[in-house]
Amino acid sequence: MAKIMMKTPLVEMDGDEMTRILWKMIKEELILPFVDLKTEYYDLGLENRNATDDQVTVDSANATLKYGVAVKCATITPNAARMDEYHLKEMWKSPNGTIRAILDGTVFRTPIIVKGIEPNVKTWEKPITLARHAYGDVYKNVEMKIPGPGKAEIVFTAEDGTVTRDTIFEFKGPGVIQGMHNTEQSIRSFAQSCFKFAVDTRQDLWFATKDTISKKYDHTFKDIFQEIYETEYADKFKELGIEYFYTLIDDAVARVMRAKGGFIWACKNYDGDVMSDMVSTAFGSLAMMTSVLVSPKGVYEYEAAHGTVQRHYYKHLRGEETSTNSVATIFAWTGALKKRGELDELPALSAFAEKLEKATIDTIESGYMTKELAAMTTLPDVHVLNTEEFIRAVRKNLEQ
């Protein structure tokens, strides 16, 4: 069979631990036999990030701006234990955070629905897509431990030297303070990405913050979303028969638990971080969640929503058998290939990616799956496969 040809490279960002092992297997078994794969490769494994003083992460993000589509493996964000384990020069920042800041994007995470993996919330019938603002707030915070009594202030010095200050708190004893920020430009990019994604996917868009308490910070998000909706998207939403509405984050949580799904839920950075884990777990598994970073510039970065599966990696190093769920990593590749095919007007490439997704879902729905899914499925006659066996089973279905 002739391989499907590509015009423009994908930016390929390799990663860490067990997901790095999956990455290689997926390429060799499910992509390279069928596609004349063109990528610009960047090794974002922790050792290489350390060797390059994390410049490789910046380079990969800039390459994504150049080529428009990237696919990323899961990576380690080091803590103190990782500092010792990998002999790091410093505690490097989250690669995802660095990439998101450069691309100025919004992360959209959607559960992968398969028969036999039933949502824990009985009302959910369709996927719920989490749109997470990918800049600022607690992830760019400045923190300070307060040793004893004193006054904490927030101070802004304008370019012309004008000083504005306000009291945070007058401490009577030890405590802690935290300073957060966001920019109007980033909030506008977040809103634009959400409205465009809603139009592209023809889904309702919900947005939620806590503006009743945060009357300036959160209210700014609310006002910008409303302005952009009214001036740019209201007519388009009406034409498509979809809805935008704002509500408080606590009300949104209550509504989500009673909803049928099939909508986009836009959240600020921290809310989106937490709620995407809640939604993915309630639908079944973090390893059954697609994730794409969408920039208003028309740039896309696809990845799995989960971590590097450290425990399985150590088993793999000891020569022990693993049964690691590779579905989200497969779908990172298919998402990137579909988008590359769409942008380059290569319908054969997009069709191949769709067939690979179908083959993956068909494998699970026919009762062949890894250990994690086997423990939660309602399907009868389940066959538990190890890591390699599952990928080979997907290839067999793909070839058919």
Side-chain angles (χ1 to χ4, degrees), residues 12-27 42-50 54 56-57 60-61 70-86 88 91-100 105 107-112 117 130 132 134 138-139 269-293 301-318 320 322-333 335-336 369-373 375-376 386-387 390-391:
E12 179 185 351
M13 305 174 184
D14 211 342
D16 286 299
E17 297 187 322
M18 196 63 204
T19 45
R20 190 180 181 97
I21 306 299
L22 296 178
W23 197 258
K24 186 172 183 289
M25 290 182 188
I26 290 165
K27 281 177 64 178
Y42 293 87
D43 183 359
L44 267 56
L46 190 50
E47 294 98 333
N48 196 45
R49 278 183 276 144
N50 190 57
D54 210 29
V56 66
T57 307
S60 71
V71 58
K72 180 182 174 296
C73 184
T75 46
I76 295 169
T77 299
N79 55 17
R82 298 295 203 169
M83 286 280 292
D84 295 335
E85 181 181 358
Y86 284 88
L88 302 180
M91 201 177 294
W92 304 109
K93 294 179 180 179
S94 160
N96 288 344
T98 299
I99 293 165
R100 288 167 189 163
V107 179
F108 294 90
R109 290 181 171 170
T110 307
I112 300 163
I117 308 297
L130 258 293
R132 174 187 171 188
V138 69
Y139 300 88
N269 209 345
Y270 178 76
D271 295 340
D273 191 2
V274 175
M275 294 305 170
S276 64
D277 280 1
M278 183 273 288
V279 168
S280 63
T281 304
F283 266 104
S285 166
L286 268 174
M288 298 292 288
M289 192 89 164
T290 66
S291 181
V292 55
L293 179 71
E301 183 237 327
Y302 294 82
E303 62 178 333
H306 57 72
T308 58
V309 204
Q310 180 184 14
R311 182 172 57 87
H312 285 200
Y313 180 60
Y314 292 158
K315 288 183 67 176
H316 173 79
L317 291 180
R318 293 193 297 267
E320 299 174 18
T322 61
S323 184
T324 311
N325 188 345
S326 56
V327 172
T329 307
I330 293 171
F331 273 64
W333 274 101
M369 62 193 74
T370 49
K371 187 176 180 181
E372 176 204 30
L373 295 182
M376 66 179 76
N386 66 29
T387 306
F390 177 75
I391 290 173

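Just so it is clear, the values below take in all heavy atoms, side chains as well, and ignore hydrogens, waters and symmetry mates. All figures in this text were calculated on a predicted structure; none of them were measured in a lab.
Side-chain atoms of S323 do not come within 3.5 Å of backbone N or O of T370 as any donor-acceptor pair. Looking at S276, its side chain does come within 3.5 Å of a backbone N or O of D273 through a donor-acceptor pair. Judged purely by atom type and a 3.5 angstrom limit, R49 has no side-chain atom pairing as donor or acceptor with the backbone of D54. Between the side chain of R109 and the main chain of S291, no donor-acceptor pair closer than 3.5 Å is present. Judged by distance alone, the side chain of R132 and the main-chain N or O of N269 form a donor-acceptor pair under 3.5 Å. Side-chain atoms of D16 never come within 3.5 Å of backbone atoms of T308 as a donor-acceptor pair (strictly under, hydrogens ignored). Side chain of T387 to backbone of T322: a donor-acceptor contact under 3.5 angstrom is found.
Within the 4.5 Å cutoff, no side-chain heavy atoms of F283 are placed close to those of M289. A 4.5 Å side-chain heavy-atom check between R82 and E85 finds at least one atom pair inside the cut-off. Between K24 and D14 there is no side-chain heavy-atom pair separated by less than 4.5 Å. By the 4.5 Å heavy-atom criterion applied to side chains, F390 and S326 are counted as neighbours. Using a 4.5 Å heavy-atom threshold, the side chains of H306 and N325 count as separate. Residues C73 and L44 have side chains not in contact (no heavy-atom distance under 4.5 Å, counting atoms from C-beta outward).
Rounded to the nearest 0.5 angstrom, N50 CG and L88 CG are separated by 4.5 Å. Note that the NZ atom of K72 and the OG atom of S60 stand 8.5 Å from one another [nearest 0.5 Å]. Separating the CD1 atom in I391 from the CE atom in M25 is a distance of 5.5 Å, to the nearest 0.5 Å. Here T77 contributes atom OG1 and K93 contributes atom NZ; the two are 12.0 Å apart, rounded to the nearest 0.5 Å. Annotation: the span from E303 atom CD to N96 atom CG amounts to 4.5 Å, rounded to 0.5 Å. In this structure, CZ in R20 is found 4.0 Å from CG in D43, a value given to the nearest 0.5 Å.
Residues forming a side chain to side chain donor-acceptor pair (under 3.5 Å) with Y302 (at least two apart in sequence, or on another chain): none. The side-chain contact (heavy atoms from CB on, under 4.5 Å) check on L317 picks up Y313, Y314, with sequence neighbours excluded. Not a single side chain to side chain donor-acceptor pair (under 3.5 Å) links D277 to another residue, sequence neighbours left out.
More than 12 heavy atoms of other residues, nucleotides or ligands lie within 6.0 Å of OH in Y139, so this atom counts as buried by the packing criterion.
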*Begin from the C-alpha positions of I117 and M376 and carry the test side chain to side chain contact (heavy atoms under 4.5 Å, CB included) through to its verdict.*
CA-CA 7 Å; I117 308 297; M376 66 179 76; 3.9 Å; yes
*Which is it for H316 and T324 under the side chain to side chain contact (heavy atoms under 4.5 Å, CB included) test, yes or no, and what are the steps along the way?*
CA-CA 10 Å; H316 173 79; T324 311; over 6 Å; no
*Could you please spell out the steps behind the side chain to side chain contact (heavy atoms under 4.5 Å, CB included) verdict for I76 and Y86?*
CA-CA 11 Å; I76 295 169; Y86 284 88; 3.6 Å; yes
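Residue G15 comes nearest to T75 through the heavy atom pair CA-CG2, 3.8 Å, listed as atom of the first residue, atom of the second, then distance. The shortest heavy-atom contact between W23 and M13 is CZ2-O, 3.9 Å. Taking all atoms of both residues into account, the shortest heavy-atom contact from A328 to I112 is CA-CD1, 4.5 Å.
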